[in-house]
Amino acid sequence: MIGSNTTENHPVMGSMIKNEVINQQKRLIVIDPRRIELARYADYYFPIKPGTNIAILNGFMHVIVKEGLYDKAFVENRTEGFEDLKKTLEKYTPAYVADICGLDNPDDIVAAARLMASLKPMALYYSMGITQFVSGVNGVKSTANLQMMLGNMGVEGGGVNPLRGQNNVQGACDMGALPATYPAYQPVASEDNKKKFEDAWSVKNLSVKPGLTLMEMMNAAHAGGVKAMYIMGENPVMSDPNQQHVIEALDNLELLVVQDIFLTETAQHAHVVLPSCAFLEKEGTATNTERRVQPMHRVLKPGRLIKDDWWITMQIANRMGADWDYEDAKDIFKEIRKVTPSYAGITYKRIENELIQWPCPTKEHPGTKVLHREAFSRGKGLFTAIEYTPPFEETDREFPLILTTGRILQQFHTGSMSRNSRVLEETAPEGFVEVNPNDAGNLDVADGELVSVSTRRGSIRVKARVVERIKPNAVFIPFHFYESCANRLTVDCLDPVCKIPEYKVCACRVEKIVA
Amino acid sequence: MDKIKLTIDGKEVSGLRGQTIMEVARDNGIDIPHLCYHPKLSKTGACRLCLVRIDGKMLKTSCTELAGDGMSVITEDEALRNIRKWLLGLLLMEGDHNCLYCDADGDCELQRYAKIYNVEKTDEDFPRNPREVDYVTSNAIKRNENRCILCGRCIRACKEIQVSNVWGFTERGSQTHLIADDDRKIGESSCVKCGTCVQLCPTGALTFQTVSGKGLNWELKKESSICIYCGVGCKIDFYTNEEGVLVKAIGNDDGPNKGHLCVKGRFGFDFVQSPKRLTKPLMKKDGEFVEVGWKEALDFVAGRMRAVKEKDGPDAIAALSSAKCTNEENYLMQKFMRAVIGSNNVDHCARL
Ligand code: SF4
Ligand code: SF4
Ligand code: SF4
């Protein structure tokens, strides 16, 4: 488990893992800057400095290569690029890695690496603790390096398993709600795909130029290049890094349309706000983190003037010259199946009783439990030699602590749903900053005391929680609470490839508030 | 795996070696009365209600006894019936089972068997230990031990499914009772409010705080959907009452979650019926939002978008789709941007 606080963010999965470890005696290695619940049950726990994932992964691989513990047959037959990786790994000795990661015991790196190599298969899980860095893509590639080296790919119980943070992130990506790909990850920058979708949609002149990512959109809106924005069910004012910049960008637009269930922080900046159905008022499908496509039914009747998101989009489209006539979600799904090969065999009827994982190309196909069984999508699995690079913002005299952000069990994301649910809100009503007792002592801060946390971008006031579970020199703030909005502090530098913001590290300062 | 053949109540059935009699019976659609047994939990054979007669002689608890090849099993005869009545009678006397005041009324396994076996509470003077009633310390869980039959399902649910190990038995014999952690109130314990113990409690000893006063169990309607809060995608049965108000969320056994939920999936849905919901389209006029009709709002949006597209080109328009919306809605949003606007400026918060 690396960079995933599973028992709080994917609790049901967290319980399944706990069950395997506690009740079925499976072995567990946990890597996380915070002493999360799973760390308690781990054979080895590595409290690494935030932003040093790649270093420790390289450290494990260094040991595995040096001691010849890798899966030679798998590396030989199914992969390429191993020699380059090997060279890069040379300098990542346990001592060197322990130094980068702030660990006391380099021998544990050796022991954990041996344990990994001795038990097959090993499943690797990660979440935003790997991806939300300027080096996010490289972090993911490093996990793949490790698993390929151990021959843990394409087997049940192995693999690199990202845990998706929102219920339909997987589906939104599958459906092509991404700037560079049509449904089923078919690149837009391809004349063939352009032709294919022009035929399917009976239109001409689809663009082959990949679009802007979320953060680029905001920058373009700020600079004036993007003039109109249509936002469905998102709250970037709360969820994006560097809040002030986002607000300025939105206020700079000629048209901002927000379609949501609440008048969110973002909707307040809109020209038009369109009320849409909440998920319990909808029919449709959602795809979970294991690629299972599941049905959602209408449980509650929406208010009289509240509309389905798809209906609203269709109305706007038709006023702009389209002639769509979808009757319901099922109609749309039929079209999805035609243009999305991996969904072709999935029908509303089948998913009522079957748990189908895509790819599922035909109605007779049972779905696919394990990817890359015989071969990887590109043929051979490619090892990528990756060097550890420090995070964008390093600590200094003025901002001596590392700030990392995340979620807690009882709240979700920007809070617009969970904070309006009584049991959740009562159980966790306010934000906090976790501070290690050492640091708290130095700052003369007591548990429960209000402190100010500042970064180069802004400053918030929040209650301190003095706890051992956060490493010295680091602090943690959950980002659900508008009263103490963590994203007023975070930095908006992006991973160069996938443009994910670096939420997990920036430099900050914590101060006692003197009345 | 080894196949075995046996007869249950004269019917020939097959099962696998290693299965218990209960499991073989269930696979073949035969219901053997039980209270402490639950298919998702380990077996204890504590309630004795599932006794069956084997080969015309021995009585064994079918939830723990392995099925054997050639076995002949009788699930009920005169003697077994009397034992069940006697066991149920004891359970009724030992506790305070007044269904009138119980949230489990109509959804209680003890009540069901009491009706099926026509058992009534008889001996009013049966010695009873005062037990814990705690309706206040947790905002999620209500506890009334006077309705507890000591089946231990809650203990196993918390240990084997949620893996938080909150519940346990303490003391012995007629003094046996449940405690949370090292004898704390449930609201002050390490309970994370996943509600799994409540879902699996066969009686009204553990109930949800949130259901009281929201209608009768047999009038509730059930429909399934998928949890909105994370990518595990737990399948949930939502119960609504006759007024269309959401009453409770129960984990669906056929989903990837196999019936389990976390606190968000269990209690996170008030927001849907919150009075803060938007109910009408809004347009900003002179810096203030005013309510408008759909036609006005949609005409305005389409008109402005067309104007921007003509003046500054399609790439001056961008859209954010949503990881909380359905596949169908995401599909349509990207189709709208690509086919109608002519730009690939569409993204969502996968990276956040
Ligand atoms: S609600 Fe969940 S955590 Fe709490 S006691 Fe019940 S099973 Fe355990
Ligand atoms: S509280 Fe419910 S589940 Fe737990 S022992 Fe009592 S009756 Fe059984
Ligand atoms: S119930 Fe909990 S674990 Fe399951 S999908 Fe919802 S948030 Fe995730």
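From a predicted model like this one, the values you see are computed outputs, not experimental measurements.
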Minimum heavy-atom distance between A:Pro236 and B:Leu320, given as atom pair plus value: CG-CD1, 4.1 Å
Any side-chain heavy-atom pair of A:His10 and B:Cys262 under 4.5 Å: no
Top contributor to chain A contacts, counting heavy-atom pairs under 4.5 Å, from B:Ser138, B:Ala297, B:Gly268: B:Gly268
Which portion of B:Thr196 sits near chain A, non-hydrogen atoms under 4.5 angstrom: neither
Distance-only side-chain donor-acceptor flag, A:Thr427 / B:Lys193, under 3.5 Å: yes
Contact class of B:Ile161 relative to chain A, heavy atoms under 4.5 angstrom: backbone
Heavy-atom contact with chain B under 4.5 Å, split by part of A:Ala221: neither
Leading residue by heavy atom contact count with chain A [cutoff under 4.5 Å; candidates B:Asp254, B:Asn345, B:Asn327]: B:Asn327
Option that, when pairs with chain B are counted at under 4.5 Å, heavy atom only, ranks first among A:Glu283, A:Met296, A:Met217: A:Met217
Leading residue by heavy atom contact count with chain A [cutoff under 4.5 Å; candidates B:Met333, B:Lys335, B:Glu160]: B:Lys335
Side-chain donor or acceptor of A:Gln294 paired with backbone N/O of B:Gly233 under 3.5 Å: yes
Under 3.5 Å donor-acceptor, B:Lys280 side chain and A:Pro275 backbone: no
A:Phe197 six-ring face occupied by B:Arg338 cation (under 6.0 Å, within 45°): no
Donor-acceptor contact present, side-chain B:Arg306 to main-chain A:Arg319, <3.5 Å: yes
Selection from B:Phe271, B:Phe267, B:Phe300, B:Phe238 maximising heavy-atom pairs under 4.5 Å formed with chain A: B:Phe271
Heavy-atom contact with chain B under 4.5 Å, split by part of A:Val203: side chain
Heavy-atom pair count under 4.5 Å with chain B, highest-scoring of A:Asn353, A:Leu163, A:Asp308, A:Thr287: A:Thr287
Region of A:Met229 in contact with chain B, defined by heavy-atom distances below 4.5 Å: both
Check against ring pair (Phe, Tyr, Trp, His ring centres under 6.0 Å), B:Phe269 and A:Phe279: CA-CA 10 Å; B:Phe269 306 112; A:Phe279 83 110; 5.6 Å; yes
Under 4.5 Å from a heavy atom of chain B, the part of A:Lys307 involved: both
Under 3.5 Å donor-acceptor, B:Ser322 side chain and A:Gly233 backbone: yes
Contacting moiety of B:Asp299, where chain A heavy atoms sit under 4.5 Å: both
Criterion side chain to side chain contact (heavy atoms under 4.5 Å, CB included) on A:Leu424 and B:Tyr229, from CA distance to verdict: CA-CA 12 Å; A:Leu424 302 182; B:Tyr229 283 110; 4.1 Å; yes
Under 4.5 Å from any heavy atom of chain B - which part of A:Val188: side chain
Non-hydrogen atoms of A:Ser15 and B:Gln162 that approach each other most closely: OG-O, 2.9 Å
B:Val308 backbone acceptor or donor facing A:Lys227 side chain under 3.5 Å: no
When A:Asn19, A:Val273, A:Thr289 are compared by non-hydrogen pairs under 4.5 Å with chain B, the top option: A:Val273
Nearest heavy atoms of B:Thr326 and A:Asn168, plus distance in Å: C-ND2, 3.5 Å
Under-4.0 Å salt bridge between B:Glu328 and A:Lys282: no
Contact leader toward chain A among B:Ser321, B:Ala318, B:Gly342, B:Ser343, where contacts are heavy-atom pairs under 4.5 Å: B:Ala318
side-chain contact (heavy atoms from CB on, under 4.5 Å) partner of A:Val272, the single match among B:Val292, B:Leu282, B:Leu298, B:Val301: B:Val301
Partner chain A: residue of B:Ser224, B:Ala140, B:Gly244 with the largest heavy-atom pair count (under 4.5 Å): B:Ser224
Residue part contacting chain B, namely of A:Arg422, when any heavy atom lies under 4.5 Å: both
Heavy-atom proximity to chain A below 4.5 Å, by part of B:Val272: both
Non-hydrogen atoms of A:Leu280 and B:Leu246 that approach each other most closely: CD1-CD2, 3.8 Å
Residue among A:Ala322, A:Ala329, A:Pro210 with most heavy-atom pairs under 4.5 Å to chain B: A:Ala329
Derivation of the side chain to side chain contact (heavy atoms under 4.5 Å, CB included) call for A:Tyr343 and B:Tyr331: CA-CA 12 Å; A:Tyr343 279 61; B:Tyr331 173 81; over 6 Å; no
Derivation and outcome, side chain to side chain contact (heavy atoms under 4.5 Å, CB included), residues B:His348 and A:Met232: CA-CA 9 Å; B:His348 69 285; A:Met232 169 170 85; over 6 Å; no
Test log, rule side chain to side chain contact (heavy atoms under 4.5 Å, CB included), inputs A:Leu263 and B:Leu278: CA-CA 7 Å; A:Leu263 194 62; B:Leu278 291 165; 4.1 Å; yes
Contact summary for B:Lys264 and A:Glu8, nearest pair of heavy atoms: NZ-O, 3.2 Å
Side chain, backbone, both or neither of B:Val340 within contact of chain A (heavy atoms, under 4.5 Å): side chain
Interface residue of largest heavy-atom contact number with chain B, from A:Val208, A:Val257, A:Leu253, under 4.5 Å: A:Val257
Side-chain (A:Ser421) to main-chain (B:Asp270) donor-acceptor, under 3.5 angstrom: yes
Separation between CZ of B:Arg304 and CD of A:Glu254, rounded to the nearest 0.5 Å: 7.5 Å
A:Arg298 versus chain B, the contacting section by heavy-atom distance below 4.5 Å: backbone
Contact class of B:Phe289 relative to chain A, heavy atoms under 4.5 angstrom: side chain
Top contributor to chain B contacts, counting heavy-atom pairs under 4.5 Å, from A:Val258, A:Ile22, A:Thr181: A:Thr181
Approximate separation, where rounding is to 0.5 Å, of A:Gln259 CD and B:Cys325 SG: 7.5 Å
Side-chain (B:Asn344) to main-chain (A:Ala180) donor-acceptor, under 3.5 angstrom: no
Shortest non-hydrogen separation from A:Leu355 to B:Pro256 and the atoms involved: CD2-CD, 4.0 Å
Side chain, backbone, both or neither of A:Glu352 within contact of chain B (heavy atoms, under 4.5 Å): backbone
Segment of B:Ser274 engaging chain A (4.5 angstrom heavy-atom cut-off): side chain
Chain B contact via A:Asp309 - side chain, backbone, both or neither, heavy atoms under 4.5 Å: both
Contact class of B:Pro314 relative to chain A, heavy atoms under 4.5 angstrom: neither
